[in-house]
Each structure stands twice: as C-alpha cells, then as structure tokens.
Amino acid sequence: MFTNIYRLIKYSFQSFWRQKLLSFATMVVILLVLMVFQGIFIFGAIGDSALQSIKDKIDVSLFFAVDAPEDEILAVKADVEGLDVVKEVEYISRAEALELFRARHTSDETITQALDELDENPLSASLNIKTKETEQLPVVAAYLNNLVPEHLVDEVSYNEDNKAIIDRLTAIITASEVVGIILALFLAIVAVLVVFNTVLLGIYSNRDEISIMRWVGASNIFIRGPFMGLGVIYGFLTATIVMIASIPIVYMIAPYVVLFVPDFDLVVWFSSHFILLYLSQIAISVGIGIISSIIAVNRYLDA
Amino acid sequence: MITFENVSKQYDDGRYTALEDINFEIKPKEFVSIVGRSGAGKSTIIRLLIGEERPTTGRVLFGDDEVSTMHPRDLPRVRRSIGTIFQNYRLLPRKSSYENVAFALEVAGVPERDIDDMVRESLDLVGLSDKADNFPHELSGGEAQRVAMARAMVNHPHLIVADEPTGNLDPLNTADVIKVLEQINDLGTTVILTTHNKDVVNKLNRRVIQLDGGHIIRDVAKGKYMLA
Ligand SMILES: Nc1ncnc2c1ncn2[C@@H]1O[C@H](COP(=O)(O)OP(=O)(O)O)[C@@H](O)[C@H]1O
Ligand SMILES: [Mg+2]
C-alpha cells in the first residue's frame, strides 16, 4: 500500500519534471487565477471591515431635556430596549456626559475655565441607540420623535448622510467583487484548458511507458494516477507560491489600508486567516488541476 | 489453460476478416508455435489472448477467466500472469536494462525489498547480468530482446507470449532468444511463440499451429513448418 503510494508520487513528480518547462508555464496560468482570488479575498476583507466600522459608528442619539428626571429617562430606555430592531442602548447620564466632555477638552483652557465658573452642569443626558441593521435607524428615529413625551426631549439626532455612504460603499464593494469573480472564473476556465493540454502532452510523451504498463498488468491507479498527481502537484505548488508571495505584499499595502479603514490591520487579519486562505487556495488550484487531469485521463486513457 | 472457442475477428466493421472459426486448446507447460505468413492473423490471436482486442464472435479463455468478455478493470490481474515479448523489444530508452525490468515489478505493485533479487535472477536467466546498467541503445538486438524477455519473466508469469521475437534478429541472436524460451519452458512456464521463421520451428520440434488467411490449416504435436 505505502509502496504504491510512494511510487505514485514518484511517477507524478517524474512526469512533472520531465516536462518542466511546460509545467512552469502551466503553473504561471494557475498562479494568475489564484492571484485574482487572493485579491478578491483581501479586498473583500478590507471592504467588510470598512463597512462594519462605519456601521458601528452610526446610531440614533436621543438628548433629554436638562430637567428630565432620571427615572423617566430610564423608563424610556427600557421601552427602547424592548424594540425588536434595537441591538444596544447606551445611557449616558448628565454627570458622565460632563466627564466625557472634560476629558475631551482637557487641553483647552477656555472651556475648562468656563465650565468651572458654572455651578450647574449644562449638559443633558442621552441615549445612544444602535440597531441590528442600519436600515432600521430611521424607524427608531421616528419612534423616538413620535412616542417619547415631548417635555423630556431636547433633540433626536440621526445622521441621514451616513446611510447614503453605506449604501454607496456597499454598491461599490459588491460591484467590484462581481467583476473580480467573473474575471477569476474566466481565468479559471483558461487554466483548466491549459492544464488539460499539459496533461494530454504528458500522456502523449509517456505513451511508451503507458503501453508497457498495460502489458505488464499495471493497475489503473499506476496508469492514470501519475497524471492526476500532476494536477495535484500543480495545485499545491501554486497555492503555496501565492501564499508566500502574498506575505510581502500584505506588509507593503497594510499602511495604506489603515489610511482608508483606520481600525483594520491587514497584517493581523492576514496572519489570523493564513490557514483558511491557504486551504481555500489549495481547494481552488487542486480543483483546477484535478478537474482538468480527470477529463484528460478519461478522454485519452481508457482502460 | 488457454482455450479459443469458435473465435472470429473482423476489423473495420466487418469489412475485413482477420480470423475465422479458430478453435484450439493449450495445456499448461506446452510450448506452442503459431506460424504462418505475414498477415495470417498470428498477432491478432495474441492480442485477443491478452485482452487487447475482443473477438467478434466466440470465446477466449485463460485459466478460469473469460478474457473475451472481461471487464477492462479486471484485465491487469490477468496480464500480470502473462509475460509478453514483441518483435521490436519495446524497452524504455531512458531506462537501463535493470530499470526496464524493475519497472514491470514496480507497476505490478511488488514490494521494494523483493524487486532487486527478482530483477537480478531474471537478468541472470537470460545471461545479461553484466549488461544490467546498459541502456537499450548500448545493446545489440539480441541483447535488447533478452532484456525484454527478462522483463516478461520477472514476475514469474504462468504464460509467456512471444510475438515474432526473432523477427529483427540474425540467426545467431535468434538461436539465443529461442534457447532462452526453451529454458523458460523447461522451468514449467507455458510458451506461445509466433513466427514465420521456418528454421526456428523445425529446430524446436514442438507443437505447431499453422494459420493461413485467418484459418487454422494445421495443428500438430511435433511439427515442422510446411508451406501452405
Ligand atoms: N487494427 C486493425 N485494423 C484493421 N485491420 C487489421 C488490424 N490489425 C490487423 N489487421 C489485419 O488483420 C490481418 C491479420 O493481422 P495480424 O494478426 O497482425 O497478422 P500477422 O501477425 O500474422 O502478420 C492483417 O491482414 C492485418 O492487415
Ligand atoms: Mg504479427
């Protein structure tokens, strides 16, 4: 058993090596496909993270009147929390608001001085409300405007512009991914044809071995196996090359990515997803290799 | 051991009949020469026997197996018990004599540790131990054919089929090759030899099946080649 597997691998590498130039050219084509996929994966991760960070930032804020009693504020909070679409409600009391305000302006002396001169806290309490989906924000804003007793409310603030940005960003990301996938599929078909052709040439240039194998009663696994093995070798090598080549590229572009998406560290993302990416690349490339060699072998090496 | 039963073989969708109504039986340890002029159908019989072709009608049996109807998947098992030798040697040019013989064992799934002994024994039997490391282009025709014979025998098959093995050889080399075939037969292996060489057949003085135009015209136990 192990002997046979060993020989299978040996023969696979022999036919790989015997047509090394062709193997090299074939792998370049597969590499092209994998690079496009790698681009889609990385771009997708950056886009997702950009969207997420914008989504996380937008919420509806309800500012209460300065004289609104805390128990009524908490009652409103409980009501809002009861809404299906609401993910999270954060209550910032007047004292906390003042503290946050001071913290934000410690370096600005005019402001701190002005605050010190007031005996009363001028800031109002607020609720910051996040919804499960950004589309639900207007619903919550409408709810707050209509149903919270007017004397409690100072202002309901909700930024309509953010939603437009999100919609536009989503559209851009989706469109580029669709274009990328179409390109990748097109290249994948080209790669399948190229590998098919290479395996075919391999079968042709090994025809003497193959017929001798037949006469001496080699089982099918020895006759067909090495050509399937060829596809697997192409797959593993190209997946490995693309992953290794990605490392410096990721390090190079990570600083620029941060400019666009401040809380996205591409290097961290890449290293934590390395195995997953590698496996995906292997699945794609070995898939291409195996599919083409199975077609070639079935077509030209019938038992 | 081998039975051809009412076998006929047509090529080109029945437009050409290569064999017609072939019946014979070969017993274990026999040495049978199939003779006849070129185009008589000798090679077709060999191809039917090793399952490379299927008869148009009739049955071909090898041991308990009906080769003529067998699933292609099962053919390798049958072929492992048949050693085949051809007129043009069919050695792999990039492999040495040793590697050519070992290759047959490798693809038959023989464990690595057994291969060396078996290859050396086989090369020894054909008298080519000293040419183990030579490549086919460094061998004479007779030597190349004997390497091919070593390859055919190395897995200890029950049957050796040799399709015009001396077709490309001068009389001296021919004698060598035939001598080895007789040796193999003496060791208990069944041998089927096709040839159109009268001297070879006459000297052997074994069973002869004579073909002409796809028919068996003679089948004698201790035979000479007679002109049809
Ligand atoms: N694949 C084939 N297609 C068509 N005709 C064939 C084929 N193989 C052999 N023949 C014909 O069948 C006849 C017998 O061939 P063969 O068995 O090779 O003869 P022999 O080996 O006795 O010289 C020949 O006339 C040959 O031309
Ligand atoms: Mg012939």
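Letters A, B, ... mirror the listed sequences (proteins, then strands); counts begin at 1.
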Of all heavy-atom pairs between [X] and [Y], which one has the smallest distance, and what is that distance?
| X | Y | value |
| --- | --- | --- |
| A:V36 | A:G180 | CG1-O, 3.8 Å |
| A:I210 | A:I203 | CD1-O, 3.7 Å |
| A:R224 | A:N298 | NH1-OD1, 2.8 Å |
| B:N168 | B:Y89 | CB-OH, 3.8 Å |

For residues A:V250 and A:I42, determine if any side-chain heavy atom of one lies less than 4.5 Å from a side-chain heavy atom of the other.
yes
Between CG on residue B:N134 and OG on residue B:S96, distance to nearest 0.5 Å
8.5 Å
How long is the span from the CG atom in B:L193 to the CG atom in B:L204, to the nearest 0.5 Å?
6.5 Å
side-chain contact (heavy atoms from CB on, under 4.5 Å), that's the test. Do A:L34 and A:M243 meet it? Break it down for me.
CA-CA 9 Å; A:L34 298 191; A:M243 287 310 290; over 6 Å; no
For chain A, which residues from residues 50-61 of chain B lie under 4.5 Å away (heavy-atom distances)?
B:I50, B:E52
If the contact rule is any heavy atom under 4.5 Å from chain B, which residues of residues 9-16 of chain A qualify, in numerical order?
A:K10, A:Y11
When you measure from the side chain of B:T166 to the backbone of B:L169, do you find a donor-acceptor pair of N or O atoms at a distance under 3.5 Å?
no
Side-chain (B:E30) to main-chain (B:K27) donor-acceptor, under 3.5 angstrom
yes
Most contact-rich option vs chain A, by heavy-atom pairs under 4.5 angstrom, among B:R80, B:E106, B:R151, is B:E106
Could you tell me which of B:R77, B:H71, B:R94, B:K95 has the largest number of non-hydrogen atom pairs under 4.5 Å with chain A?
B:R94
Given that the side chain runs from C-beta out, which part of A:D208 has a heavy atom under 4.5 Å from chain B: side chain, backbone, both or neither?
both
Under 6.0 Å between the ring centres of B:Y16 and B:Y11?
no
Heavy-atom proximity to chain A below 4.5 Å, by part of B:I115:
side chain
